[in-house]
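Keep in mind that this is a model prediction, so the values were computed, not measured.
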Amino acid sequence: MTESEFREFLITIGYRYNGKSKTAFNSYEGFHTMIEFNSKEKRYLLSLNSAVSDMGIILGKLKVFAADNKSFITKAVYKNKKILMSVKMTVDSEIDRENLKEVARFIMELCKSDLLTPICSVCSRNRKTGLYVVGRALTPICDRCIVRKRRQYEKRRDMFEKKKQNMPAGIAGAVFGAFFGASIYILLYQFISFYGIFGGGIAMLCFAGFVITGKRATKLSAIICEIISFVTFLAAEYAALIAGTAILIENEGGGIAVTEAIQITNSSFTDFGYLRSIIFELAAGTAVMIIIGIIYFLKRKYTRPLTISKNIL
(Lines give C-alpha, C1' and ligand atoms only; values in the text may rest on other atoms or scores of the structure.)
Protein backbone atom coordinates (compact mmCIF):
# COMPACT_ATOMS: atom_id res chain seq x y z
CA MET A 1 0.00 0.00 0.00
CA THR A 2 1.36 3.41 -0.89
CA GLU A 3 1.28 6.32 1.57
CA SER A 4 -1.55 8.00 -0.34
CA GLU A 5 -3.57 4.75 -0.33
CA PHE A 6 -2.85 4.37 3.40
CA ARG A 7 -4.09 7.89 4.10
CA GLU A 8 -7.24 7.52 2.00
CA PHE A 9 -8.10 4.14 3.54
CA LEU A 10 -7.62 5.19 7.18
CA ILE A 11 -9.95 8.12 6.62
CA THR A 12 -12.72 5.70 5.65
CA ILE A 13 -12.53 3.97 9.04
CA GLY A 14 -12.58 7.14 11.12
CA TYR A 15 -8.91 8.12 11.27
CA ARG A 16 -7.28 11.41 10.35
CA TYR A 17 -3.81 11.74 8.83
CA ASN A 18 -0.80 13.89 9.67
CA GLY A 19 1.64 14.16 6.79
CA LYS A 20 4.71 15.36 8.75
CA SER A 21 4.71 12.37 11.10
CA LYS A 22 3.25 10.01 8.45
CA THR A 23 0.79 8.89 11.09
CA ALA A 24 -2.95 8.29 11.07
CA PHE A 25 -4.76 8.89 14.36
CA ASN A 26 -8.13 8.23 15.90
CA SER A 27 -9.50 9.80 19.09
CA TYR A 28 -12.11 8.09 21.23
CA GLU A 29 -13.06 9.20 24.77
CA GLY A 30 -9.55 10.45 25.54
CA PHE A 31 -7.72 7.60 23.81
CA HIS A 32 -5.49 8.47 20.85
CA THR A 33 -4.70 5.48 18.66
CA MET A 34 -1.88 6.17 16.20
CA ILE A 35 -0.79 4.13 13.19
CA GLU A 36 2.48 5.16 11.55
CA PHE A 37 3.28 4.46 7.90
CA ASN A 38 6.87 3.18 8.14
CA SER A 39 8.06 2.44 4.60
CA LYS A 40 11.68 1.83 5.68
CA GLU A 41 10.77 -1.12 7.88
CA LYS A 42 7.85 -2.15 5.65
CA ARG A 43 5.55 -1.97 8.67
CA TYR A 44 2.47 -0.18 9.97
CA LEU A 45 3.28 0.71 13.58
CA LEU A 46 0.39 1.15 16.00
CA SER A 47 0.73 2.78 19.41
CA LEU A 48 -1.71 3.65 22.17
CA ASN A 49 -0.63 5.36 25.40
CA SER A 50 -2.64 3.90 28.26
CA ALA A 51 -2.59 2.60 31.78
CA VAL A 52 -4.09 -0.86 32.43
CA SER A 53 -6.30 -2.06 35.25
CA ASP A 54 -5.35 -5.73 34.85
CA MET A 55 -1.99 -6.41 33.23
CA GLY A 56 -2.57 -10.15 32.97
CA ILE A 57 -5.78 -9.78 30.98
CA ILE A 58 -4.29 -7.20 28.59
CA LEU A 59 -1.17 -9.25 27.94
CA GLY A 60 -3.35 -12.30 27.39
CA LYS A 61 -5.56 -10.50 24.86
CA LEU A 62 -2.52 -9.18 22.98
CA LYS A 63 -0.95 -12.63 22.91
CA VAL A 64 -4.12 -14.29 21.63
CA PHE A 65 -4.68 -11.61 18.98
CA ALA A 66 -1.08 -11.92 17.76
CA ALA A 67 -1.35 -15.72 17.63
CA ASP A 68 -4.67 -15.63 15.75
CA ASN A 69 -3.24 -13.18 13.22
CA LYS A 70 0.39 -14.28 13.04
CA SER A 71 0.30 -13.95 9.25
CA PHE A 72 0.47 -10.17 9.57
CA ILE A 73 1.11 -9.28 13.24
CA THR A 74 4.86 -9.28 13.98
CA LYS A 75 4.64 -7.69 17.44
CA ALA A 76 1.91 -7.03 19.98
CA VAL A 77 3.16 -5.91 23.40
CA TYR A 78 2.45 -3.56 26.28
CA LYS A 79 5.64 -1.67 27.13
CA ASN A 80 6.41 1.63 28.88
CA LYS A 81 2.69 2.23 29.43
CA LYS A 82 1.96 1.91 25.75
CA ILE A 83 0.36 -0.75 23.56
CA LEU A 84 2.63 -1.36 20.58
CA MET A 85 1.74 -3.39 17.53
CA SER A 86 3.60 -3.99 14.28
CA VAL A 87 1.72 -4.98 11.12
CA LYS A 88 3.41 -6.32 7.99
CA MET A 89 3.25 -4.14 4.91
CA THR A 90 2.57 -6.19 1.77
CA VAL A 91 2.43 -5.40 -1.95
CA ASP A 92 -1.29 -6.17 -1.97
CA SER A 93 -3.18 -3.05 -0.90
CA GLU A 94 -6.44 -4.92 -0.37
CA ILE A 95 -4.80 -7.37 2.06
CA ASP A 96 -3.26 -4.46 3.96
CA ARG A 97 -6.65 -2.78 4.22
CA GLU A 98 -8.24 -5.89 5.69
CA ASN A 99 -5.38 -6.37 8.15
CA LEU A 100 -5.45 -2.77 9.33
CA LYS A 101 -9.22 -2.89 9.63
CA GLU A 102 -8.92 -5.92 11.91
CA VAL A 103 -6.24 -4.21 14.04
CA ALA A 104 -8.33 -1.02 14.33
CA ARG A 105 -11.37 -3.08 15.40
CA PHE A 106 -9.35 -4.92 18.06
CA ILE A 107 -7.89 -1.71 19.50
CA MET A 108 -11.33 -0.10 19.66
CA GLU A 109 -12.63 -3.11 21.59
CA LEU A 110 -9.81 -2.64 24.11
CA CYS A 111 -10.63 1.05 24.47
CA LYS A 112 -14.28 0.18 25.19
CA SER A 113 -13.43 -2.64 27.61
CA ASP A 114 -12.72 -0.52 30.73
CA LEU A 115 -9.35 -2.31 30.97
CA LEU A 116 -7.47 0.75 29.71
CA THR A 117 -7.21 4.35 30.86
CA PRO A 118 -5.91 7.09 28.52
CA ILE A 119 -2.80 8.86 29.78
CA CYS A 120 -0.34 11.61 28.87
CA SER A 121 2.82 10.25 27.24
CA VAL A 122 5.00 12.56 29.35
CA CYS A 123 3.63 12.39 32.90
CA SER A 124 1.63 9.13 32.46
CA ARG A 125 -1.34 10.64 34.28
CA ASN A 126 -5.00 10.38 33.33
CA ARG A 127 -5.45 13.90 32.05
CA LYS A 128 -7.06 15.38 28.99
CA THR A 129 -4.50 15.28 26.20
CA GLY A 130 -4.00 16.90 22.83
CA LEU A 131 -1.96 15.56 19.93
CA TYR A 132 1.28 17.36 19.08
CA VAL A 133 3.99 16.70 16.52
CA VAL A 134 7.24 16.82 18.53
CA GLY A 135 10.01 16.77 15.95
CA ARG A 136 8.44 14.26 13.58
CA ALA A 137 6.65 12.07 16.13
CA LEU A 138 2.96 12.39 16.91
CA THR A 139 2.57 12.44 20.69
CA PRO A 140 -0.40 12.74 23.13
CA ILE A 141 0.48 15.33 25.78
CA CYS A 142 -1.60 16.99 28.49
CA ASP A 143 -1.88 20.78 28.88
CA ARG A 144 0.51 21.03 31.84
CA CYS A 145 3.23 18.99 30.14
CA ILE A 146 2.95 20.80 26.82
CA VAL A 147 3.42 24.16 28.57
CA ARG A 148 6.55 22.83 30.28
CA LYS A 149 7.84 21.31 27.05
CA ARG A 150 7.33 24.55 25.14
CA ARG A 151 9.30 26.45 27.77
CA GLN A 152 12.13 23.92 27.53
CA TYR A 153 12.06 24.15 23.75
CA GLU A 154 12.13 27.94 23.72
CA LYS A 155 15.02 27.99 26.19
CA ARG A 156 17.06 25.48 24.15
CA ARG A 157 16.18 27.25 20.89
CA ASP A 158 17.32 30.60 22.24
CA MET A 159 20.57 29.09 23.51
CA PHE A 160 21.16 27.41 20.16
CA GLU A 161 20.31 30.41 17.97
CA LYS A 162 22.01 33.10 20.08
CA LYS A 163 25.28 31.22 20.40
CA LYS A 164 27.74 32.88 18.01
CA GLN A 165 30.50 31.04 16.21
CA ASN A 166 34.10 32.27 16.32
CA MET A 167 35.49 30.81 13.09
CA PRO A 168 39.14 31.98 13.44
CA ALA A 169 39.39 30.68 17.01
CA GLY A 170 37.63 27.49 15.97
CA ILE A 171 40.06 26.83 13.13
CA ALA A 172 42.98 27.48 15.48
CA GLY A 173 41.52 25.02 17.99
CA ALA A 174 40.89 22.48 15.24
CA VAL A 175 44.50 22.73 14.02
CA PHE A 176 45.80 22.37 17.57
CA GLY A 177 43.56 19.36 18.21
CA ALA A 178 44.59 17.73 14.93
CA PHE A 179 48.30 18.29 15.64
CA PHE A 180 47.90 16.90 19.14
CA GLY A 181 46.17 13.84 17.69
CA ALA A 182 48.93 13.53 15.09
CA SER A 183 51.63 13.51 17.79
CA ILE A 184 49.82 10.68 19.56
CA TYR A 185 49.43 8.86 16.25
CA ILE A 186 53.17 9.11 15.50
CA LEU A 187 54.05 7.90 19.00
CA LEU A 188 51.69 4.91 18.99
CA TYR A 189 52.76 3.97 15.46
CA GLN A 190 56.17 3.00 16.81
CA PHE A 191 54.72 0.44 19.21
CA ILE A 192 51.74 -1.16 17.51
CA SER A 193 50.35 -1.59 14.00
CA PHE A 194 46.75 -0.44 13.99
CA TYR A 195 46.29 -0.13 10.21
CA GLY A 196 45.72 3.60 10.28
CA ILE A 197 42.44 3.45 12.17
CA PHE A 198 43.75 5.78 14.86
CA GLY A 199 43.49 8.45 12.20
CA GLY A 200 40.00 8.74 13.64
CA GLY A 201 41.59 10.05 16.83
CA ILE A 202 43.00 12.96 14.85
CA ALA A 203 39.52 13.79 13.55
CA MET A 204 37.95 13.51 17.01
CA LEU A 205 40.47 15.89 18.58
CA CYS A 206 40.15 18.22 15.60
CA PHE A 207 36.35 18.43 16.02
CA ALA A 208 36.73 18.81 19.77
CA GLY A 209 39.26 21.62 19.34
CA PHE A 210 36.92 23.52 17.04
CA VAL A 211 33.89 23.16 19.31
CA ILE A 212 35.80 24.23 22.42
CA THR A 213 37.35 27.34 20.89
CA GLY A 214 34.82 28.15 18.16
CA LYS A 215 31.88 27.86 20.56
CA ARG A 216 29.45 26.63 17.90
CA ALA A 217 29.73 23.96 15.21
CA THR A 218 28.08 24.25 11.80
CA LYS A 219 28.07 22.26 8.56
CA LEU A 220 30.84 24.48 7.19
CA SER A 221 33.00 23.94 10.25
CA ALA A 222 32.49 20.19 9.93
CA ILE A 223 33.79 20.26 6.36
CA ILE A 224 36.77 22.41 7.42
CA CYS A 225 37.57 19.99 10.26
CA GLU A 226 37.42 17.01 7.92
CA ILE A 227 39.88 18.70 5.53
CA ILE A 228 42.25 19.67 8.35
CA SER A 229 42.04 16.14 9.77
CA PHE A 230 42.78 14.50 6.42
CA VAL A 231 45.79 16.72 5.63
CA THR A 232 47.13 16.27 9.15
CA PHE A 233 46.62 12.51 8.92
CA LEU A 234 48.68 12.35 5.71
CA ALA A 235 51.47 14.33 7.38
CA ALA A 236 51.27 12.17 10.53
CA GLU A 237 51.50 8.96 8.51
CA TYR A 238 54.57 10.24 6.68
CA ALA A 239 56.20 11.47 9.90
CA ALA A 240 55.44 8.15 11.62
CA LEU A 241 57.17 6.24 8.80
CA ILE A 242 60.23 8.46 9.01
CA ALA A 243 60.34 8.15 12.79
CA GLY A 244 60.11 4.36 12.53
CA THR A 245 62.95 4.25 10.00
CA ALA A 246 65.11 6.57 12.14
CA ILE A 247 64.59 4.33 15.17
CA LEU A 248 65.72 1.28 13.15
CA ILE A 249 68.86 3.11 12.02
CA GLU A 250 69.65 4.09 15.59
CA ASN A 251 69.09 0.55 16.86
CA GLU A 252 71.62 -0.69 14.32
CA GLY A 253 74.23 1.76 15.64
CA GLY A 254 73.82 4.39 12.99
CA GLY A 255 72.95 7.15 15.44
CA ILE A 256 70.17 9.67 14.93
CA ALA A 257 69.98 10.13 11.15
CA VAL A 258 66.74 11.94 10.24
CA THR A 259 67.94 12.94 6.77
CA GLU A 260 68.91 9.38 5.97
CA ALA A 261 65.58 8.14 7.34
CA ILE A 262 63.71 10.55 5.04
CA GLN A 263 65.71 9.34 2.03
CA ILE A 264 65.11 5.66 2.86
CA THR A 265 61.38 6.29 3.42
CA ASN A 266 61.02 8.15 0.14
CA SER A 267 62.85 5.44 -1.78
CA SER A 268 60.64 2.78 -0.15
CA PHE A 269 57.62 4.20 -1.95
CA THR A 270 58.95 2.66 -5.17
CA ASP A 271 58.35 -0.78 -3.62
CA PHE A 272 54.81 -1.71 -4.64
CA GLY A 273 54.27 -4.02 -1.66
CA TYR A 274 55.35 -1.32 0.80
CA LEU A 275 53.31 1.34 -0.99
CA ARG A 276 50.23 -0.89 -0.98
CA SER A 277 50.42 -1.31 2.81
CA ILE A 278 50.66 2.47 3.24
CA ILE A 279 47.71 3.07 0.92
CA PHE A 280 45.70 0.53 2.95
CA GLU A 281 46.51 2.40 6.18
CA LEU A 282 45.56 5.72 4.63
CA ALA A 283 42.31 4.28 3.31
CA ALA A 284 41.42 2.77 6.71
CA GLY A 285 42.18 5.99 8.56
CA THR A 286 40.25 8.09 6.04
CA ALA A 287 37.24 5.77 6.31
CA VAL A 288 37.22 6.15 10.11
CA MET A 289 37.43 9.94 9.79
CA ILE A 290 34.49 9.94 7.39
CA ILE A 291 32.49 7.84 9.86
CA ILE A 292 33.30 10.33 12.63
CA GLY A 293 32.13 13.14 10.34
CA ILE A 294 28.85 11.31 9.73
CA ILE A 295 28.40 10.77 13.48
CA TYR A 296 28.99 14.49 13.98
CA PHE A 297 26.24 15.37 11.48
CA LEU A 298 23.85 12.90 13.11
CA LYS A 299 24.62 14.26 16.57
CA ARG A 300 24.07 17.80 15.34
CA LYS A 301 20.78 16.78 13.75
CA TYR A 302 19.38 14.94 16.78
CA THR A 303 20.58 17.36 19.46
CA ARG A 304 18.91 20.37 17.89
CA PRO A 305 15.78 21.48 19.78
CA LEU A 306 12.73 19.53 18.56
CA THR A 307 9.98 21.76 17.26
CA ILE A 308 6.51 21.37 18.77
CA SER A 309 3.40 21.86 16.66
CA LYS A 310 0.03 23.20 17.73
CA ASN A 311 -2.58 20.75 18.93
CA ILE A 312 -3.72 19.03 15.70
CA LEU A 313 -7.01 17.75 17.11
task: Spell out, as yes or no, whether a donor-acceptor pair under 3.5 Å connects the side chain of Thr74 to the backbone of Ser86.
output: yes
- prompt: So, do Thr139 and Tyr132 sit near enough that their side-chain heavy atoms are less than 4.5 Å apart?
  reply: no
task: Look up atom CG in Asn126 and atom CG in Leu116, then write down how far apart they are to the nearest 0.5 Å.
output: 11.5 Å
field: Minimal non-hydrogen separation, Thr213 against Gly170, with atom names
entry: OG1-CA, 3.4 Å
- request: Could you tell me which non-hydrogen atom of Tyr15 sits nearest to which non-hydrogen atom of Ala104, and how far apart they are?
  value: OH-CB, 3.9 Å
- prompt: Does a side-chain heavy-atom distance below 4.5 Å link Cys120 with Asn49?
  reply: no
task: Take Leu84 and Leu46 through the side-chain contact (heavy atoms from CB on, under 4.5 Å) test and state the conclusion after the steps.
output: CA-CA 6 Å; Leu84 300 170; Leu46 179 144; over 6 Å; no
query: Hey, does the side chain of Asn80 reach the backbone of Lys82 with a donor-acceptor pair shorter than 3.5 angstrom?
result: no
Arg43 side chain reached by Phe37 side chain, heavy atoms, under 4.5 Å: no
query: Between Glu226 and Ile223, is a side-chain contact (heavy atoms from CB on, under 4.5 Å) present by the stated rule, with each step listed?
result: CA-CA 5 Å; Glu226 284 284 5; Ile223 295 172; 5.7 Å; no
message: Between Asn99 and Tyr44, do the side chains contain a donor N or O and an acceptor N or O under 3.5 Å apart?
response: no
message: According to a hydrophobic-cluster definition based on side-chain heavy atoms being under 4.5 Å apart (Ile, Leu, Val, Met, Phe, Trp, Tyr only), do Phe233 and Val175 belong together?
response: no
message: Count I, L, V, M, F, W, Y as connected when their side-chain heavy atoms are under 4.5 Å apart, and connections chain through other members. Are Leu131 and Ile308 then in the same cluster?
response: no
query: Say you draw a straight line from CG of Asn18 to OG of Ser309; how long is it, rounded to the nearest 0.5 Å?
result: 7.0 Å
- prompt: Can Glu109 and Lys112 be counted as an ion pair, charged N to O under 4.0 angstrom?
  reply: no
query: Going by distance alone, is a donor N or O of one side chain under 3.5 Å from an acceptor N or O of the other, for Thr33 and Asn26?
result: no
- request: Might you work through the side-chain contact (heavy atoms from CB on, under 4.5 Å) test for Ser53 and Asp114, ending with a clear yes or no?
  value: CA-CA 8 Å; Ser53 58; Asp114 293 330; over 6 Å; no
- prompt: Which pair of heavy atoms, one from Tyr17 and one from Ala24, lies closest together, and at what distance?
  reply: CD1-N, 3.9 Å
message: Is it the case that over 12 heavy atoms from other parts of the model lie below 6.0 angstrom from the CZ atom of Arg151?
response: no
message: How about OH on Tyr238, more than 12 heavy atoms from neighbouring residues, nucleotides or ligands closer than 6.0 Å, or not?
response: yes
- prompt: Got more than 12 heavy atoms from elsewhere within 6.0 Å of CZ, Phe230?
  reply: no
query: Judged by atom type as modelled, is there a donor-acceptor pair below 3.5 Å linking the side chain of Tyr274 to the main-chain atoms of Thr265?
result: no
query: Taking atom types as modelled and ignoring hydrogens, do the side chains of Tyr185 and Glu237 form a donor-acceptor contact shorter than 3.5 angstrom?
result: yes
query: Quick one: does Ile312's side chain get under 4.5 Å of Leu138's, heavy atoms only?
result: yes
- prompt: Between atom CG of Leu248 and atom CD of Gln190, what is the distance when rounded to the nearest 0.5 Å?
  reply: 9.0 Å
task: Could you tell me the separation between the OG atom of Ser71 and the CD1 atom of Ile95, rounded to the nearest 0.5 Å?
output: 9.0 Å
- prompt: Heavy-atom distance under 4.5 Å between the side chains of Ser21 and Arg136, does that happen here?
  reply: no
message: Just checking Arg150: does its CZ atom have more than 12 heavy atoms from other residues, nucleotides or ligands closer to it than 6.0 angstrom?
response: yes
- request: Spell out, yes or no, whether Phe198 and Ile279 are grouped together once hydrophobic residues are joined by side-chain heavy atoms under 4.5 Å, including indirect joins.
  value: yes
field: Flag for Thr23-Glu36: side-chain donor and acceptor within less than 3.5 Å
entry: no
message: Quick test of your reading of the model: are Arg7 and Glu3 salt-bridged, counting only N-O distances below 4.0 Å?
response: no
query: Would you say the side chain of Ile35 lies within less than 4.5 Å of the side chain of Leu45, judging by non-hydrogen atoms?
result: no
- request: Look at atom NZ of Lys63 and say whether more than 12 heavy atoms of other residues, nucleotides or ligands are closer to it than 6.0 Å.
  value: no
- prompt: Given Ile73 and Val87, is the side-chain contact (heavy atoms from CB on, under 4.5 Å) satisfied, shown in steps?
  reply: CA-CA 5 Å; Ile73 297 294; Val87 182; 4.0 Å; yes
message: Within the 4.5 Å heavy-atom criterion, are Phe176 and Cys206 side-chain neighbours or not?
response: no
field: Contact summary for Phe9 and Arg97, nearest pair of heavy atoms
entry: CZ-O, 3.2 Å
- prompt: Under 4.5 Å between any side-chain heavy atoms of Met34 and Pro140, yes or no?
  reply: yes
- prompt: So, for Ile186 and Ala236, which heavy atoms are closest and what is the spacing to 0.1 Å?
  reply: CG1-O, 3.6 Å
task: For Leu205 and Gly177, work out which heavy atoms get closest and say how close.
output: CB-O, 3.2 Å
- prompt: CD1 of Ile107 to CG of Leu62: how many Å apart, nearest 0.5 Å?
  reply: 7.0 Å
message: Between Ile57 and Phe31, is there shared hydrophobic-cluster membership here, with clusters defined by ILVMFWY side-chain heavy atoms closer than 4.5 Å?
response: yes
message: Within the supplied structure, the quantity of interest is the number of heavy atoms (other residues, nucleotides, ligands) at a distance under 6.0 Å from Met1 CE; does it exceed 12?
response: yes
- prompt: Between Leu48 and Val52, is there a shared hydrophobic cluster once you connect ILVMFWY residues whose side-chain heavy atoms come closer than 4.5 Å?
  reply: yes
query: Could you state the interatomic distance from OG1 (Thr129) to CG (Leu313), rounded to the nearest 0.5 Å?
result: 7.5 Å
